[in-house]
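Structure record follows, encoded as structure tokens.
These numbers come from a predicted model, not from an experiment. The analysis underlying the following values was restricted to heavy atoms, covering all of them including side chains, and did not include hydrogens, waters or symmetry mates. Counting starts at 1 for both ligands and their atoms, in listed order. Sequential numbering from 1 along the given sequence is applied to the chain's residues.
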Amino acid sequence: MKVVIAGIAALACLFLSTTEGSGRLFENNCGTIKDSSMGPKIENGRNANELSNPWMVAVFVGNVSMCGGTLISSRFVLTASHCIDMNYMKVRLGEYNKKNLECECVGSICTPRAIDIDVDKKIMHRDYEGNINDIGLLRMKNEVTFTDKIRPICLLDKYPEEPIAHLKITGWGENGIGETQPILQEATVEIYERKWCKRKLSMDPLDVSRICAGDTGEFSSDSCKGDSGGPLFAYVNEIGRTVQLGIISKGINSCSGLGSYTNVTHFMDWILGAVEYYKV
Ligand SMILES: *[C@@H]1O[C@H](CO)[C@@H](O)[C@H](O)[C@H]1NC(C)=O
Ligand SMILES: *[C@@H]1O[C@H](CO)[C@@H](O)[C@H](O)[C@H]1NC(C)=O
């Protein structure tokens, strides 16, 4: 699929300024949560807090949840290019525990646990190949209304300058022993020099378009099968919001140690161009 990149002047208006010097946001209403109990914690894979990841999306091919993704606006979901399939696709928003009942009732008022929306446009990177340019967008058939359970994550046009020690990854993918997780899992990872990923994942070239991250400690955390397309993100103090920095792209088969993530900042122009071109 071809995406025409619109002029820089037009793209500039898509961004909203944040504080001086820290870059501009793609969607103003982003990166905040209702649950204030989210603090930086360092553990291995663990259950995420229920309302801490309202941007988290389950990406379906047919009836099967294949990948993760993130809500970046009321109409678009960001995922990996390798998650995009020719068959029918839909996204599930507001999901947390896949084993919960379809509807949650308080007294006589019942609300659906999560909502499914059909994908009406699938946008792959034109030069996606293997693990290169592994970024894609899904346009939803209709806009969503933001709630405590459904909110977009921030995208910033500049890689944060403040040191970010710990980043998080989230997903419903398999744990180390091949079981998919009903409850959304989160893990903390660190950024590694690219040369480590190059060696361990034997990927070449591994350039600035990809981020090498993982946890090589004793109890290592990593992304696994089914987590692809989900976010690598951090709370950025400068702007007081949660910002997506990477997309889960490729790990080593054992799901422990290092993984390669698509560098979202590097692809900001591509994201803006695609959203502008396919907006309705
Ligand atoms: C989807 O699920 C329904 C109901 O469980 C089933 O009847 C249908 O065959 C499934 N479709 C696909 C494409 O797997
Ligand atoms: C991601 O890409 C941006 C823009 O090219 C770059 O400034 C930044 O250093 C990259 N991040 C990493 C961790 O490589």
Side-chain angles (χ1 to χ4, degrees), residues 3 5 8 11-12 14-27 30-31 40 42 70 72 78-82 125-137 153-170 187-216 220-223 227-239 241-252 257-276:
V3 174
I5 307 293
I8 296 297
L11 296 180
L14 282 170
F15 267 123
L16 297 139
S17 294
T18 62
T19 41
E20 202 73 38
S22 46
R24 287 168 302 166
L25 293 171
F26 171 66
E27 153 72 58
C30 67
I42 308 157
T70 46
I72 59 161
L78 184 64
T79 189
S81 224
H82 82 259
H125 194 288
R126 181 176 19 184
D127 300 318
Y128 158 66
E129 202 194 318
N131 303 293
I132 300 170
N133 303 313
D134 194 7
I135 186 168
L137 284 165
I153 194 165
C154 294
L155 301 181
L156 210 48
D157 68 344
K158 215 175 128 193
Y159 199 82
E161 274 168 19
E162 69 186 52
I164 296 175
H166 301 292
L167 292 99
K168 283 185 187 171
I169 49 178
T170 42
T188 306
V189 293
E190 288 170 56
I191 294 195
Y192 281 78
E193 277 183 61
R194 267 182 280 275
K195 67 178 183 200
W196 293 107
C197 271
K198 214 171 201 164
R199 266 181 220 162
K200 293 254 181 188
L201 310 175
S202 44
M203 293 201 326
D204 214 30
L206 199 58
D207 58 18
V208 75
S209 71
R210 287 185 279 176
I211 296 173
C212 178
D215 178 354
T216 54
S220 61
S221 313
D222 194 8
S223 42
D227 288 327
S228 285
L232 170 73
F233 60 99
Y235 184 81
V236 176
N237 287 306
E238 274 181 317
I239 59 166
R241 299 178 193 228
T242 301
V243 177
Q244 182 169 356
L245 300 172
I247 301 169
I248 301 173
S249 174
K250 184 193 163 90
I252 35 186
L258 296 172
S260 158
Y261 297 78
T262 305
N263 180 349
V264 171
T265 319
H266 182 84
F267 289 98
M268 259 341 276
D269 284 349
W270 181 85
I271 295 172
L272 291 176
V275 166
E276 180 64 19

Dump all N/O pairs between ligand 2 and the protein below 3.5 Å as a table: atom names plus distance, one pair per row.
from     : atom 1 : to   : atom 2 : distance (Å)
ligand 2 : 2 (O)  : N263 : OD1    : 3.3
ligand 2 : 2 (O)  : N263 : ND2    : 2.3
ligand 2 : 11 (N) : N263 : ND2    : 3.1
ligand 2 : 14 (O) : R194 : NH1    : 3.0

Can you name the closest pair of heavy atoms from R194 and D207 and give their distance?
-> CD-O, 3.2 Å
Candidate pair L137 and T79, rule side-chain contact (heavy atoms from CB on, under 4.5 Å), full reasoning = CA-CA 6 Å; L137 284 165; T79 189; over 6 Å; no
Which of these, I211, L245, I164, sits in a side-chain contact (heavy atoms from CB on, under 4.5 Å) with I191?
-> I211
For Y261 against G246, the heavy-atom pair lying closest together = CB-CA, 4.5 Å
Return the minimal non-hydrogen interatomic distance between S81 and D134, and the atom names on each side.
-> N-OD1, 2.8 Å
Considering residues at least two apart in sequence or located in another chain, which fulfil the ring pair (Phe, Tyr, Trp, His ring centres under 6.0 Å) criterion with F267?
-> H125
